[in-house]
> 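This is the structure I have questions about; it appears just below.
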Amino acid sequence: MSFINQKKSVCTARLWPILALVCPTTLVLTGCSAKVPAKGSAEYANAAKTFYIGLAALQVGNDVRADQELGNLTKLAPGEPAGWANWGVLALRQRNYDVASQRLEQARKLAPKNDHIEALLGLLESDRGNSNAAVNDLRKAVELNPQNLRAAYLLAQEVERQGGGNSEAGFEQIIQTILKSQPNNLAALLELARAQAKLGDQNGLQSTVSRISAQSSNWPPEVRQQLSALQTAVAGSDTRAAATRTVFLRNTLMRVPEYRQSLSAIKAAPGEEAAPFV
């Protein structure tokens, strides 16, 4: 357990850093709150137990129990951002957006420099249809943690969804940042190829398709057939046709474990987009 010194006072760090022993992502804490139990106290043990029970209920879909336990946690440890965040995830999954916003904003006040919380707020605003707010929150998440590839991909999707003259170029730029972290990520490479095809970037498209092809030696024949069709389209003059072919290839690649693994690195499974702190 760490401690935070501020203005010659010492307070117990919030519950989440202890949970970081289980999950390597830690909250960046600013300020100091006395509204948390002291480590080693019976209140601390009770708060930790309540956290895990609420988390388990959230993960198995027992919304009633999750709401009860996570709500109780915010009373036992009101200065703990992970409690507010997970309670917000519950409301977000239930599409109770106003309540989710209140809880997630409280989590952000307690941990204003945490990429996970910013990403959850971006997802919330996207679900609400507030695209500009979603982009702002997701950009903050990526700025705080460039390795948060799922937040980066959500940002890319939101930018593309906005449309407009710069949306495709903006989408491509964000995908390129993902590939700086994972140069061989097949899912990201396919998205890059699609963007380059829509932008008419023939040279960039050829280079990207070559990088995709370099990973194809063990693909099933039907998948390699779609790759061949993409290569033929790339060799032609209509790059828009190549954009369509990237979608066909992506659909057949879903049966390839390496592709599914690369996709999981940048995109949560359906229904799991709002991930709690664990």
Side-chain angles (χ1 to χ4, degrees), residues 4 6 13-17 19-20 23-33 74 79-93 95-164 166-182 185 188 191-192 195 264-268 272-278:
I4 300 173
Q6 185 181 30
R14 301 182 179 101
L15 180 63
W16 172 246
L19 302 180
C23 177
T25 303
T26 59
L27 294 181
V28 179
L29 303 178
T30 63
C32 185
S33 172
T74 63
E80 167 50 51
W84 289 100
N86 283 5
W87 206 20
V89 166
L90 174 64
L92 178 53
R93 289 181 176 182
R95 300 186 182 279
N96 193 348
Y97 297 136
D98 289 343
V99 172
S101 178
Q102 293 170 7
R103 295 170 182 175
L104 291 172
E105 286 292 352
Q106 180 61 23
R108 176 154 64 181
K109 288 179 182 178
L110 294 168
K113 294 184 179 180
N114 180 260
D115 63 292
H116 190 161
I117 293 173
E118 293 293 345
L120 287 171
L121 283 161
L123 180 61
L124 165 66
E125 296 299 345
S126 179
D127 284 358
R128 277 175 149 178
N130 298 333
S131 186
N132 288 337
V135 167
N136 288 338
D137 289 332
L138 291 167
R139 284 197 191 281
K140 289 179 185 176
V142 176
E143 288 169 2
L144 288 166
N145 180 13
Q147 298 305 312
N148 190 336
L149 302 186
R150 289 184 175 181
Y153 186 58
L154 280 173
L155 174 60
Q157 290 180 306
E158 197 64 42
V159 167
E160 184 179 39
R161 192 177 296 120
Q162 286 185 323
N166 297 322
S167 63
E168 291 176 357
F171 177 86
E172 180 194 14
Q173 183 179 13
I174 298 166
I175 297 299
Q176 291 278 21
T177 65
I178 292 174
L179 287 165
K180 287 181 181 178
S181 296
Q182 293 191 359
N185 187 296
E191 292 287 26
L192 177 61
S264 177
I266 65 173
K267 183 179 180 181
E272 298 179 8
E273 294 88 352
F277 287 97
V278 298

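Reckoned from all heavy atoms, side chains included, excluding hydrogens, waters and symmetry mates.
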> Taking side chain to side chain donor-acceptor pair (under 3.5 Å) as the test, write out the residues that go with E160, two or more places apart.
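Side chain to side chain donor-acceptor pair (under 3.5 Å) check on E160 returns R194, K198.
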> Can you confirm whether W84 sits close enough to K109 that some side-chain heavy atom of one is under 4.5 Å from a side-chain heavy atom of the other?
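Not in contact.
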> Do T177 and P146 touch side chain to side chain, with heavy atoms closer than 4.5 Å?
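No, side chains not in contact.
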> If you measure from CD on E191 to CD1 on I266, what distance do you get to the nearest 0.5 Å?
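Answer rounded to 0.5 Å: 6.5 Å.
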> Which distance, rounded to the nearest 0.5 Å, do you find between the CG of D115 and the CG of N145?
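Here the rounded value is 4.0 Å.
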> Can you name the side-chain contact (heavy atoms from CB on, under 4.5 Å) partners of N96, sequence neighbours left out?
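With neighbours one apart ignored, the set is A91, V99.
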> Determine the minimum heavy-atom distance between A275 and V89, stating which atoms define it.
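For A275 versus V89, the nearest heavy atoms are O-CG2, 4.0 Å.
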> Does CD in Q176 sit with more than 12 non-hydrogen atoms of other residues, nucleotides or ligands closer than 6.0 Å?
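Counting other residues, nucleotides and ligands, CD of Q176 exceeds 12 neighbours.
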> Does the side chain to side chain contact (heavy atoms under 4.5 Å, CB included) test come out yes or no for V142 and L138, once each step is laid out?
CA-CA 6 Å; V142 176; L138 291 167; 5.6 Å; no
> CD/E118 to CG/N136 distance, rounded to the nearest 0.5 angstrom?
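Rounded to the nearest 0.5 Å, the CD-CG separation comes out at 10.0 Å.
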> For side chain to side chain contact (heavy atoms under 4.5 Å, CB included), just list the numbers for L92 and Y97, CA-CA rounded to whole Å, side-chain angles, deciding distance to a tenth of an Å, and then say yes or no.
CA-CA 6 Å; L92 178 53; Y97 297 136; 3.9 Å; yes
> Donor-acceptor pair, distance only, cut-off 3.5 Å: does the side chain of R108 make one with the backbone of I117?
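No.
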> Can you name the closest pair of heavy atoms from H116 and F277 and give their distance?
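Closest approach of H116 to F277: ND1-CE2, 3.3 Å.
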> Is R139 close to V159 at the side-chain level, that is, under 4.5 Å between some pair of heavy atoms?
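Sidechains of R139 and V159: in contact.
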> Give the minimum heavy-atom separation between I175 and A156, together with the two atoms involved.
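Of all heavy-atom pairs spanning I175 and A156, the closest is CD1-CB, 4.0 Å.
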> Roughly how far apart are R93 CZ and D127 CG, rounded to 0.5 Å?
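Result: 12.0 Å between the selected atoms.
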> I'd like to know if D98 pairs up with R128 as an ion pair, taking the criterion as any Lys NZ or Arg NE/NH1/NH2 lying under 4.0 Å from an Asp or Glu carboxylate oxygen.
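Between R128 and D98 there is a salt bridge, with a charged N closer than 4.0 Å to a carboxylate O.
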> Quick one: pull up CG in N166 and CZ in F171 and give me the separation to the nearest 0.5 Å.
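Those atoms lie 15.0 Å apart.
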> Any Lys/Arg nitrogen of E158 or R161 sitting under 4.0 Å from an Asp/Glu carboxylate oxygen of the other?
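Answer for the salt bridge query: yes.
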> Could you verify whether a donor N or O on one side chain and an acceptor N or O on the other, from N132 and Q162, lie under 3.5 Å apart?
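Present: a donor and an acceptor within the cut-off.
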> So, the side chain of N130 versus the backbone of A133: is there a donor-acceptor pair under 3.5 Å, distance only?
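Such a contact is absent between N130 side chain and A133 backbone.
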> To the nearest 0.5 Å, how far apart are CG in N86 and CG in L104?
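If we round to the nearest 0.5 Å, N86:CG and L104:CG are 9.5 Å apart.
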> Evaluate the criterion side chain to side chain contact (heavy atoms under 4.5 Å, CB included) for residue pair Q106 and W87; output intermediate values, then yes/no.
CA-CA 11 Å; Q106 180 61 23; W87 206 20; over 6 Å; no
> Can L110 and E80 be said to form a side chain to side chain contact (heavy atoms under 4.5 Å, CB included), step by step?
CA-CA 7 Å; L110 294 168; E80 167 50 51; over 6 Å; no
> Looking at every heavy atom in both N185 and A265, which two are closest together, and how far apart are they?
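That would be ND2-CB, 3.9 Å.
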> Is there a donor-acceptor pair closer than 3.5 Å between any side-chain N or O of R150 and the backbone N or O of S264?
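Side chain of R150 to backbone of S264: a pair is present.
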> What are the two closest non-hydrogen atoms of S126 and A134, and how far apart are they?
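It is N-CB, 3.6 Å.
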> If I compare all heavy atoms of I178 with all of L149, which pair ends up nearest, and what's the gap?
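Heavy atoms of I178 and L149 come nearest at CD1-O, 4.1 Å.
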